[in-house]
Amino acid sequence: MAHIVIMGAGLGGMPAAYELRALLPPEHQVTVVNPSDTFQFTPSNPWVAVDWRERSVVTLPIAPMLERKGIRFVASGASSIDPAANRVTLDNGQALDYDYLVITTGPKLSFDEVPGAGPHGGHTHSICTVGHAEMFWAEYQKFLEAPGPIVVGAMPGASCFGPAYEFAFILDADLRRRKLRHKVPMTYVTAEPYIGHLGLGGVGDSKSMLESELRGHDIKWITSARTTRVEPGTLFTTQLDDQGKVVKEHEVPFKLAMMLPAFKGVDAVAGVADLCNPRGFVLIDEHQRSRKYRNIFSAGVCVAIPPVEATPVPSGAPKTGYMIETMVTAIAHNIADELAGRPATAKGTWNAICLADMGDTGAAFVALPQIPPRNVNWFKKGKWVHYAKIAFEKYFMRKMKTGNSDPIYEKYVLKALGIVRLADRG
């Protein structure tokens, strides 16, 4: 009997548990460990921050969902990993021995890289967790009584730019509905070298389309922004040119700010010798396996992916939801194959599909594969995206409740679009 331990129960960890349980014979044990006992549907956090969603709609209790599938759950974070002993030690003092370890922890939010940033003792907000989104909503309610300037964007080293754009447009829509938009100057401040870069070198016509949308919504922007510190009411950022030379020093006033942080690997993972790069992201091969430890696999935001291109202000490549699912599927097949005495050959396709709500419309992009050169590369806008994201939220939450990580209709709908999870294994 093999014991597979999965660290993390988010957009990667939950599907990983379901897929492994479905592929493996019943004698093998699957255990999921996670600091929280609640699954969070992270893509809905921008809606939570303006009270378009409540916590109860975008979260689910983990234990009953996993237990129905015969998967063990432990509500605790991990304090350390001992790859020589094949053991994970948890924050609660418990030790779990594993035959395979799957790391899907998500990131550590590195607010401390910019003095004065972050919702805990700093002056900026985040929508990276449901709790952070709720903190924004609490302050936003006070803000609505006495509006002022708003800053939205992403810090140096950030890799998740789509939600920043999404949140800027959602805030714009919410303020317009409240008849307060004329009282709120908005500025988008980003480490990207140009609007619509998205950490991907652009997707389709994303640059001109997003610039047009920002202009149309009266949102000013600062690109190649090396934000250096945040003080109460002021964000300090240095704008660079394409050669990395200083163009202008900006002091951007705000009454409310949401700046996405750079990410790092979580401490328990980053602390393992030869497992990670200097930022704490797991170094993997084409089969999602650790380059150093043959029985450790990883997927999601916590894996190391080189930037698509060098930018004046450092920015990373995003790991979008479907891309993460392709990684997870590859891991599940590779572990199942090894336990059956076959070599691990599965490779995720790393296709990027993103739906970004913009209040009453939306923007979508497809990049196949995510890292250029691409076979498919388009960016489109329309009201259909707004409804598509709402539908996807309901669909994914249903998928987690039922424990069916790859429903039959998903297989056929995405296949019709030329989107598959695994690369050709032949």
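Just so it is clear, the structure is predicted and the values come from calculations on it, not from any experiment.
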One pair to check against side chain to side chain donor-acceptor pair (under 3.5 Å): Q288 and H333. What are the steps and the verdict?
CA-CA 11 Å; Q288 304 295 140; H333 281 270; over 6 Å; no
Show the numbers, then the answer: is there a side chain to side chain donor-acceptor pair (under 3.5 Å) between D174 and Y140?
CA-CA 11 Å; D174 190 73; Y140 186 54; 2.7 Å; yes
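Under the 3.5 Å distance criterion, the side-chain polar atoms of D205 are left unmatched by any main-chain donor or acceptor of M209. Side chain of N334 to backbone of T345: a donor-acceptor contact under 3.5 angstrom is found. Within the 3.5 Å criterion, the main-chain N or O of G118 finds a donor-acceptor partner in the side chain of T124. In this structure, the side chain of S206 does not engage the main chain of G202 through any donor-acceptor pair within 3.5 Å.
A side chain to side chain donor-acceptor pair (under 3.5 Å) with D357 is found for one member of W47, Y387, W52 and no other, namely W47.
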Please tabulate, for the side chains in residues 60-76, all donor-acceptor contacts under 3.5 angstrom to protein atoms that are two or more places apart in sequence or on a different chain.
from: R68; atom 1: NH2; to: K401; atom 2: O; distance (Å): 3.1
from: S76; atom 1: OG; to: D91; atom 2: N; distance (Å): 3.3
from: S76; atom 1: OG; to: N92; atom 2: N; distance (Å): 3.3

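In this structure, K399 pairs ionically with E325, as a charged nitrogen and a carboxylate oxygen lie closer than 4.0 Å.
Ring orientation note: the planes of F39 and F396 are close to parallel, at an angle under 30° on the 30°/60° scale.
Residues F169 and H217 bring their aromatic ring centres within 6.0 Å. Centroid-to-centroid, the aromatic rings of F281 and F263 stay 6.0 Å apart or farther.
The number of heavy atoms from other shown groups lying within 6.0 Å of CD (E54) does not exceed 12.
Contacts of C354 classified as side chain to side chain contact (heavy atoms under 4.5 Å, CB included), with partners at least two apart in sequence or in another chain: F365. Evaluation of the side chain to side chain contact (heavy atoms under 4.5 Å, CB included) rule for T361 yields M358, K381 as partners, not counting sequence neighbours.
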